[in-house]
Amino acid sequence: MSDHARVAYAAVSDTLAGATALPRAAFADPQVFAAEQAGVFRAGWIPVARESDLAEAGAYRSVDIGGAPLVVTRDAAGEIHVLSRICRHRGMPVVEGSGVAKALTCPYHLWRYGLDGKLAAAPAMERSEVFDREDCDLPAIATARWNGWIFANIDGKAPPLEPQIAPLTARVAAFAPQAMVTVDTISLESPWNWKLMVENFMESYHHIGPHIGSLQQSNPGLGTYESDGADLFTILENPPAEGDHHGFVVAAIFPTTLLFFSEGTPLGTWYELDSIEHGRFRLNIHLLASPDLAAIPEFVAGFRAQALAIHDEDIPVCEGAQKGVTSPLYIPGPLSHLEASVWRLHRFLKMSFEA
Ligand code: FES
Ligand SMILES: [Fe+2]
């Protein structure tokens, strides 16, 4: 499997000037996707929740990453946990969705787990000679915190997150993301490969295309540039046009953390890619803002309408590119200097599968 991925990403250029789009196999070969499940999603740091969305004791949120069903919880003592949500009896997910509960009770045979994953009850198991109550907890997943986000690393082998993204931490500090709250979430089934979403989010070259009437007017695509980038992150600056406009910043923590912050208003968005499959994923566009703004209904309605309008302009090009890059006639083309962050994603993928 990982051989397929190694081959697919072997030709990624060492320089931006020599960079091209990814080959068809990166989008069309199910073996490449299977390799990404282990080598990118389960191996990486993936955001699974905002701490402020789990403010209450007993709050939980289900997320699927790399084929692994997880649940993020806050226990009665206020501690956050990221756990497998696969029952230790016969494998039923103990919970779906999000909510608030005193315990996680599997709907199949009612084994009950604490919010810290500890098995608390298992009916009619006293005659089993192999049942050990102490050995049936929901496995805990490695976690990291950053600016109000909770990240998970499923295989437990990823190097610490923070030291790898220090310049990004410095760049977003002025936006105070840790103080933002989620004001709304737009959920959309998105029938294209996850990499097309990261690429689309991380270049503003296309402002001159689908966003000609919107972002191109406020933040011209040809004026955008990558201000910093390394193995695990990239930052794209979007300076304002002349007149009454504000700049904005988009950033990625690879593989899938996609962030937007406005220079004008204390707001941002988090594009979360959940339940990723080969040719589709669920996109949750989380709208974030300062608590002051979050309390103003007109602001929230306007923010939602604006975010939807911009994403509506991106849907046809993402769907169109999915059709093109998986077709037998696709020939990968050269990248512009405006697509540095796209190349940065490709470098990350290549490195993920090098021996
Ligand atoms: S599968 Fe969960 S209690 Fe049986
Ligand atoms: Fe776009």
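Positions are given from 1 along the sequence. Ligands are counted one by one from 1 in listed order, and the atoms in each one are counted from 1 as well. Worth knowing before you read on, the calculation uses all heavy atoms, side chains too, and leaves out hydrogens, waters and symmetry mates.
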Student: Which atoms of ligand 1 have any heavy atom of Met92 under 4.0 Å away?
Tutor: 1 (S)
Student: In the protein, what heavy atom is nearest to atom 1 (S) of ligand 1, and what distance, to one decimal place, separates them?
Tutor: Arg90 N, 3.3 Å
Student: Which single N/O/S atom of Asp314 lies at minimum distance from the Fe ion (ligand 2)?
Tutor: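 It is OD1, the N, O or S atom of Asp314 closest to the Fe ion (ligand 2).
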Student: Any atoms of ligand 1 less than 4.0 Å from a non-hydrogen atom of Tyr108? List them with their elements.
Tutor: 1 (S), 4 (Fe)
Student: Using a cut-off of 6.0 Å, state whether more than 12 heavy atoms not belonging to Phe131 lie near its atom CZ.
Tutor: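 Buried by this count: over 12 neighbours within 6.0 Å.
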Student: List every atom of ligand 1 that sits less than 4.0 Å from any heavy atom of Trp111, numbering the atoms from 1 in the order shown and giving each element.
Tutor: 3 (S)
Student: Between Glu56 and Arg74, does any side-chain N to carboxylate O distance fall below 4.0 Å?
Tutor: no
Student: Which word best sums up how the rings of His206 and His211 line up, parallel for under 30°, tilted for 30 to 60°, or perpendicular for over 60°?
Tutor: tilted
Student: Does the pair Arg282 and Glu272 meet the rule for a salt bridge (charged side-chain N to carboxylate O under 4.0 Å, His left out), with working shown?
Tutor: CA-CA 8 Å; Arg282 186 185 311 120; Glu272 178 191 29; over 6 Å; no
Student: Verify the distance test for Glu313 against the Fe ion (ligand 2): any N/O/S atom under 2.8 Å, yes or no.
Tutor: no
Student: Please verify the inter-ring angle class for Phe33 with Phe41; under 30° counts as parallel, over 60° as perpendicular, anything in between as tilted.
Tutor: tilted
Student: For Trp111, does the six-membered ring have the charged nitrogen or CZ of Arg88 within the cation-pi criterion, i.e. under 6.0 angstrom from the centroid and within 45° of the normal?
Tutor: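 Geometry flag: not set, cation outside 6.0 Å or 45°.
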Student: Report yes or no: does Cys106 have an N/O/S atom closer than 2.8 Å to atom 2 (Fe) of ligand 1?
Tutor: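 It does: Cys106 brings an N, O or S atom closer than 2.8 Å to atom 2 (Fe) of ligand 1.
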Student: Test of geometry: compute the angle ND1(His89)-atom 4 (Fe) of ligand 1-ND1(His109) and round it to 10°.
Tutor: 90°
Student: Using 2.8 Å as the threshold, say whether any N, O or S atom from His311 sits that close to the Fe ion (ligand 2).
Tutor: no
Student: For a distance under 2.8 Å, tell me if His211 has an N/O/S atom near the Fe ion (ligand 2).
Tutor: yes
Student: Do Glu237 and Arg171 sit within salt-bridge range, that is, some charged N less than 4.0 Å from a carboxylate O?
Tutor: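 Arg171 and Glu237: salt-bridged.
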